[in-house]
Amino acid sequence: MALLTLSSPHAKGPQRTSTMMRWVIAMTLPGLFMQTLFFGWGNLHNVLWCTLVAIACEAAVLKLRKRPIGFFLNDYSAVVTAVLLGIALPPFAPWWVSLVATSFAIIFAKHIYGGMGYNPFNPAMVGYALVLVSFPVAMTTNWATPLPLLEQPASLLDTLNIIWGQIPITDALTGATPLDTYKHEIAHSLSDTVLENPIFGAGFSLGWEWVNLAFLAGGLVLLALKVIPWQTPVGLLVGLAIPSLLLGSDADQTAPLVIHLLSGATMLAAFFIATDPVSSCTTTRGRLIYGFGIGLLTYIIRAYGSYPDAIAFSVLLMNFAAPLIDVYTQPRTYGYVDAKRGSKAKEKN
Amino acid sequence: MSASIKGKLINTRTLSDFHGGIHPNEMKSLSNLTPITKAAIPPKLILPLQQHIGKASQVIVEVGQHVLKGEKLADADGMISVALHAPTSGVIDNILDHPIAHPSGQTDLCIILTPDGKDEWCELDACEHYEHLSVIKIQSKVREAGVAGMGGAGFPTEVKLHPPHHDKVATLILNAVECEPYITADDRLMRERASEVVQGMEIMAYALQPGECLIGIEDNKPEAITALREAVKDTRIEICVIPTKYPSGGEKQLIKILTDKEVPSGKIPADIGVMCQNVGTAAAIYRAVRFGEPLISRVTTLTGEGIQQRGNVEVLLGTPIDWLLSQYGYQAEKTERLIMGGPMMGFTLNHANTPIVKTTNCILAPSANDLPLPPPAQACIRCGLCAEACPATLLPQQLYWFSRAQEYDKAEHHNLLDCIECGACSYVCPSSIPLVQYYRHAKGEIKQLKQDQQKSDQARERFEARQFRLEREQAEKDAKRKARAEAAAKAQAAKKAAEAAQPADVNQKTDSESPITDPVDTKKASIQAALERSQAKKSVQAIEIEVPDLDALKTAWDKTQSKLEKMHDALDNAKENNPEQVEKLTRAVEKNQMRVNQAKQAWEKASASQSLEAQPSIVPEAEKAPAPDIDALKTTFEKSLAKLEKMQDALNNAQPEQVEKLTRAVDKNKVRVQSAEQALKDAKQSIQDGEL
C-alpha cells in the first residue's frame with residue numbers, strides 16, 4: 001500500500017503569515033478612524049487609493065515574474081505597505097504623489113529584490129522617502145488643519161476634488177504640523193507663547209495625540225497577539241525618550257517629551273513601521289538596538305535636521321544596519337558558555 | 001478534578017526552565033483512557049538485527065531451528081550492541097533483507113520467525129532480591145536481556161549502567177515526561193505498573209550509586225503521578241512534576257529543568273554527572289533482573305482517527321504493523337500516512353509491512369482532521385517566532401537562510417549542529433516552511449563536506465609526497481650527470497697539467513738562467529735545473545704509472561660493492577620469503593663486506609698516496625667515496641616513500657573500523673620516511689662540505 005512520506009514535524013501551529021498581516025491591517029483602523037475624525041477624509045481616501053495601486057502593481061509584477069498571482073496577493077503584504085503609506089502621507093497629498101510612492105514601494109523596493117521576504121528596506125518607507133525628497137512642496141504643504149479649528153471643514157466631495165486636482169486647495173484647510181510649528185517658533189519665542197497656537201490644543205498636539213494613542217492601542221493588541229515583538233517598539237520609544245528628556249528638558253529650547261511621543265508618526269512608527277519583520281533585526285537584543293537606533297535618529301533629525309519628521313529616514317538608515325546588528329547579537333546557544341559573535345571569518349578559535 | 005490534583009503536585013524542588021518551547025494540542029485522551037491490552041501473536045514475526053544504536057546483533061540460530069520464547073536469537077556484537085530474543089516459541093523461517101521502519105525506507109537483515117502458537121518459555125534466571133547480585137552481574141543481566149533505550153533512541157542500556165570513568169553519577173533522572181502529543185505509552189505504563197518502573201529505577205540506582213534520583217514528569221499526567229507517588233514511598237526517589245511544555249522530554253531540556261545544568265555542546269550528560277533513562281527502559285530492567293525476562297515485547301500507543309480501537313497495546317517485537325493495525329480497526333481510507341513516533345519527531349513509514357521494534361513507542365494514523373497536510377510554504381518574513389520557540393536558543397530563521405543559500409560555514413557558526421530537530425520552529429512558522437528538513441539536509445551536507453575534505457587532504461598529501469619524490473629523483477639524476485661531467489673534465493685537466501709539467505720546467509730553467517750571470521751560480525743553477533728536471537720527470541712517471549693502478553682498484557671496489565648490494569637484496573628477499581637461508585646469506589654478506597672494505601682501503605691508500613703528488617686526483621676520491629652510501633640511503637628513502645603512498649591508498653579505501661589502525665601505521669611510516677630523508681640530506685650535505 002502506498003503511504004505518503006513527509007518530513008517531521010507533522011503537526012502545525014495555527015499562526016499564518018497572512019493572518020498576521022491581516023491583524024496588522026486591522027489594528028491600524030483605530031488610528032485611521034482618529035485621523036478621519038480630526039483631519040478629514042484625506043487619509044481614508046489615500047489608504048484606499050494606495051491599496052488599489054499596490055494590488056495592481058503587485059499583480060502586474062507577479063505576472064511579469066510568472067508567479068502565481070492569487071497565492072502571493074493572499075499574503076496581504078502589499079496591502080500592509082499601501083495602508084501604511086496612505087496613513088503616513090499628508091491628507092491632501094495629490095493623487096499622483098500617492099501613486100508614485102506606492103508603485104515605487106511595490107515595484108522597486110519590494111519586487112526588484114525578489115518580493116516578500118527578500119526586501120532589505122521597508123517598502124513603505126522607501127516610497128515615502130522618495131516622494132518626500134522628490135516633491136517637497138506637495139509633501140509639506142498638504143497637512144490638514146485639525147477639523148475642530150475649522151469653521152467649514154472640507155466635505156468628502158471637496159476632499160476628492162482637491163486630491164484629484166479638480167479644485168485648488170484653500171489655505172484655511174492646510175497648516176503646518178505641530179512638530180514643524182514648534183521647531184520653527186521656539187527659535188524666537190518661549191514655550192508658553194508657542195503652545196498658545198491652537199494646533200497644540202491642551203498642551204499636546206490637537207488631534208495628533210488621539211491618532212497616536214489609537215495607534216498605541218492597536219499596537220498593544222498586536223503585542224498581545226504576538227504578531228509583533230515587544231523589543232522594537234520599546235527600543236524605539238526609549239531611544240526617542242532618552243534624548244528628549246536629556247536634551248529637551250528645557251521646553252524653551254526644544255520640543256518636550258510629550259510632543260515627541262504623541263505628535264508626528266511616533267506610535268505608527270513604533271508599532272507598525274519599525275516592526276516590519278523582513279527589514280528589521282531578527283535577534284531579540286538586535287531588535288532593541290534596532291528600535292533604539294530609529295528612536296535616536298528620529299530625535300536627531302527632528303531636533304537638528306531640516307525635515308519636520310524623520311521616521312522614514314531613520315527606519316531606512318537602521319535597515320542598512322540590521323544585518324550587521326544581527327550578526328553581533330546572536331543569543332547564547334544551549335550548551336555554550338558564551339554567545340558567538342560576528343561572522344565565521346572573524347572567529348579566532 | 002484537575003485543580004485538586006494539581007494542588008497536590010507541589011514540588012519540593014526548585015525547577016529551572018529552558019528557552020522557548022511550544023504548547024501543541026496534546027491529544028493524549030485519544031489513547032490514554034483505556035488500560036493496556038495484550039496484542040495477539042501474529043502469524044509471522046520480523047525481527048531486525050538492528051533495533052538499537054550501535055553494531056547490529058550477530059545471528060546465532062539457523063534457518064529451520066525451533067526456538068522457545070525468550071531464547072536468544074542473536075548476540076551482542078561488541079560493547080555498543082545488544083542481544084535479540086525470540087518473542088514467542090516457533091521456527092526460524094528465514095534470515096533475509098526485509099523493509100524496516102526507518103525514515104529512508106531501507107531494508108535490513110531480519111530474522112523471520114513463524115510462531116508455533118504454544119508460546120512456550122525457555123528457562124529463565126529469576127532473582128528475588130537484586131541486592132544480592134553484584135553490580136557486574138546486574139549489568140550482564142541487562143546486557144543479556146537485550147535492553148535498549150525505549151524512549152526512541154535505542155541506546156544500549158547496559159552501557160548507561162556503568163558510571164563514567166573518572167566520575168560519580170550525581171543525578172539519575174528517570175524521563176517520564178512523554179512530551180510528544182498523542183503518545184501515552186509511558187503514561188499508561190506508569191499508571192498500571194508504577195512499582196515495576198520504580199523498582200527498575202532502584203536497580204539502576206544500585207548499579208550507579210547516584211547522589212540523587214529524580215523522576216521528571218509533566219503535570220498533564222495526574223493519574224501517573226499519583227501512582228508513582230504511591231510506589232516511591234520508602235525510597236529515596238524524588239518525583240519532580242514539571243509544567244507541560246514541548247520538548248521538556250528532550251534529554252538536554254529535562255536536565256536543564258531539573259538540575260539547571262546544561263550539557264555542553266558536543267558532550268553527553270554523563271560528562272556533567274547526569275544519567276537519563278526512560279520509564280519503559282526502567283520497567284524492562286526490572287523484568288530482566290527480577291524474572292530474567294529478555295526484552296521481547298513493549299507497550300506501544302495506537303492512536304489517530306485512522307484507528308478505531310485506539311489505546312495502548314503490549315505488542316511482541318517483530319509484529320508487522322499492518323497486521324497489528326488490522327487487529328485494531330485500521331481505516332486506511334481515513335489516513336494517507338502512518339507515523340512511527342509522535343507528530344513532532346516521528347517519521348512516516350514507507351510501508352506498513354515493517355515491524356514493531358524496541359524503540360516503537362507509537363503508531364499514529366492521523367486523519368486530515370488530526371494533522372492536516374501542510375499548506376504550501378510562503379517566504380520567510382523573519383518574524384522570529386521560530387527563535388522564540390527554539391529550545392536550543394538557536395536562530396532558526398538565520399539557519400534557514402544559510403542552509404538555503406548553502407552557506408554551510410555560516411550555518412555551522414550559528415551552531416546548526418546543536419539543533420535537536422524537535423520541530424518547534426516548523427510548528428510555529430507562520431509561513432509553513434519545513435525548517436527541520438532544511439536543517440537535516442544542511443547537517444548531512446556538512447558531514448559530507450567534512451568527509452570529502454578529509455579525503456582530499458589525504459589525496460593532496462599523497463600527491464605532494466609523490467611529486468616531491470619525482471623532483472628529488474630528477475635532481476639526483478642531474479647531480480650525478482653533472483658530477484660525472486665534472487670528474488671527466490677534471491681528469492682531463494689533470495692529464496693536461498701533467499703534460500704541461502715538462503714544458504713548464506723548460507720555461508722555469510730559462511727564467512732562472514737569465515738573471516744569473518755568475519759562473520759559479522750558473523753552474524749551481526745548471527745542477528739545480530738538472531735536479532729539478534729529473535724530479536719533474538719522476539713525478540710525471542709516477543702519475544703515468546699510478547693512474548691505471550688506481551682505476552683498476554676502483555673497478556675492483558665497485559664490483560665488490562655491487563655484488564654486496566645484490567647480496568643485500570637477496571638477503572632482504574630471503575628475510576621475507578625464505579627464513580632458513582637468512583643465516584647463510586648473512587654470513588656471505590659479511591664476508592663480502594670485508595672484501596669490499598679491503599678493496600676500498602686499497603683504493604683509498606693508492607689514491608691518497610697519489611694525491612700527495614697530484615692535487616687533482618683527490619677530487620674524485622672525495623666525490624666518489626660517499627656516493628654508494630647515498631645510493632643506499634636513497635633506496636631506503638624511496639622504498640619507505642613508496643610504502644607510505646600505498647598505505648595512504650589503503651587508508652582511503654579502508655573500512656571505518658580499520659581507519660584508526662591504518663592511520664597509526666601511516667603515521668609510523670611517515671616518521672620512517674622523514675628519518676630516511678634526513679639521513680639522505682645529511683649525506684648530501686657532507687659531500688657538499690667535502691667539495692667546498
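All values below come from the heavy atoms of this structure, side chains included, with hydrogens, waters and symmetry mates left out. By convention in this document, chain letters (A, B, ...) are assigned in the order of the sequence lines, proteins followed by strands, and residues within each chain are numbered from 1.
Only the backbone of B/Phe347 comes within contact range of chain A, with at least one heavy atom under 4.5 Å from a heavy atom of that chain. When heavy atoms are compared at a cutoff of 4.5 Å, A/Arg287 approaches chain B solely by way of its side chain, counted from C-beta outward. Only the side chain of B/Gln397 comes within less than 4.5 Å of a heavy atom of chain A; its backbone N, CA, C and O stay farther away. When heavy atoms are compared at a cutoff of 4.5 Å, B/Val428 approaches chain A solely by way of its backbone atoms N, CA, C and O. When heavy atoms are compared at a cutoff of 4.5 Å, B/Pro24 does not approach chain A at all. Using a 4.5 Å cut-off between heavy atoms, B/Pro366 does not touch chain A at all. For a residue to count as touching a neighbouring chain, one of its non-hydrogen atoms must lie under 4.5 Å from one of that chain's; by this rule A/Met20 touches chain B with the side chain only. With a 4.5 Å cut-off on non-hydrogen atoms, B/His414 touches chain A through its backbone and its side chain both. With a 4.5 Å cut-off on non-hydrogen atoms, B/Ile420 does not touch chain A at all.
With no hydrogens or angles considered, no side-chain donor-acceptor pair links B/Tyr330 and B/Asp322 at under 3.5 Å. Residues A/Thr5 and B/Thr348 bring no donor and acceptor atom of their side chains to less than 3.5 Å of each other. When only modelled atom types and interatomic distance are considered, B/Ser431 and B/Gln378 share no side-chain donor-acceptor pair under 3.5 Å. Side-chain contact of A/Glu58 with A/His111: a donor-acceptor pair under 3.5 Å is present, judged by distance alone. Side-chain atoms of B/Thr393 and A/Thr333 include no donor-acceptor pair closer than 3.5 Å.
With chain B as partner, the option from A/Asp326, A/Asp75, A/Thr284, A/Thr19 having the largest number of non-hydrogen pairs under 4.5 angstrom is A/Asp326. Heavy-atom pairs under 4.5 Å with chain A peak, among B/Ile339, B/Val436, B/Leu394, at B/Ile339. Of the listed residues A/Cys281, A/Ser279, A/Gly117, A/Pro229, the one with more heavy-atom pairs under 4.5 angstrom with chain B than any other is A/Gly117. Most heavy-atom pairs under 4.5 Å with chain A: of the set B/Lys261, B/Met345, B/Arg440, this distinction falls to B/Arg440. Between chain A and the options B/Cys422, B/Gly384, B/Pro181, B/Cys383, the largest number of non-hydrogen pairs under 4.5 Å is found for B/Cys383. The candidate with the highest count of non-hydrogen atom pairs below 4.5 Å against chain A, out of B/Ile22, B/Leu395, B/Thr335, is B/Leu395. Options B/Ala379, B/Pro375, B/Pro343 differ in how many heavy-atom pairs under 4.5 Å they form with chain A, and the most are formed by B/Pro343. Contact count versus chain B (heavy atoms, under 4.5 Å) is highest, among A/Arg16, A/Lys12, A/Gln15, for A/Lys12.
Within the 4.5 Å cutoff, no side-chain heavy atoms of B/Asn361 are placed close to those of B/Met340.
Both the sub-6.0 Å distance and the 45° axial angle are not jointly satisfied by B/Lys443 relative to the ring of B/Tyr408.
With A/Ile106 as reference, A/Cys57 is the one residue of A/Cys57, A/Ser77, A/Pro123 to meet the side chain to side chain contact (heavy atoms under 4.5 Å, CB included) rule.
With ring centers used as reference points, A/Phe215 lies under 6.0 Å from A/Phe272. The aromatic ring centres of B/Tyr439 and B/Tyr400 sit 6.0 Å or more apart. Residues A/Tyr118 and B/Trp401 bring their aromatic ring centres within 6.0 Å.
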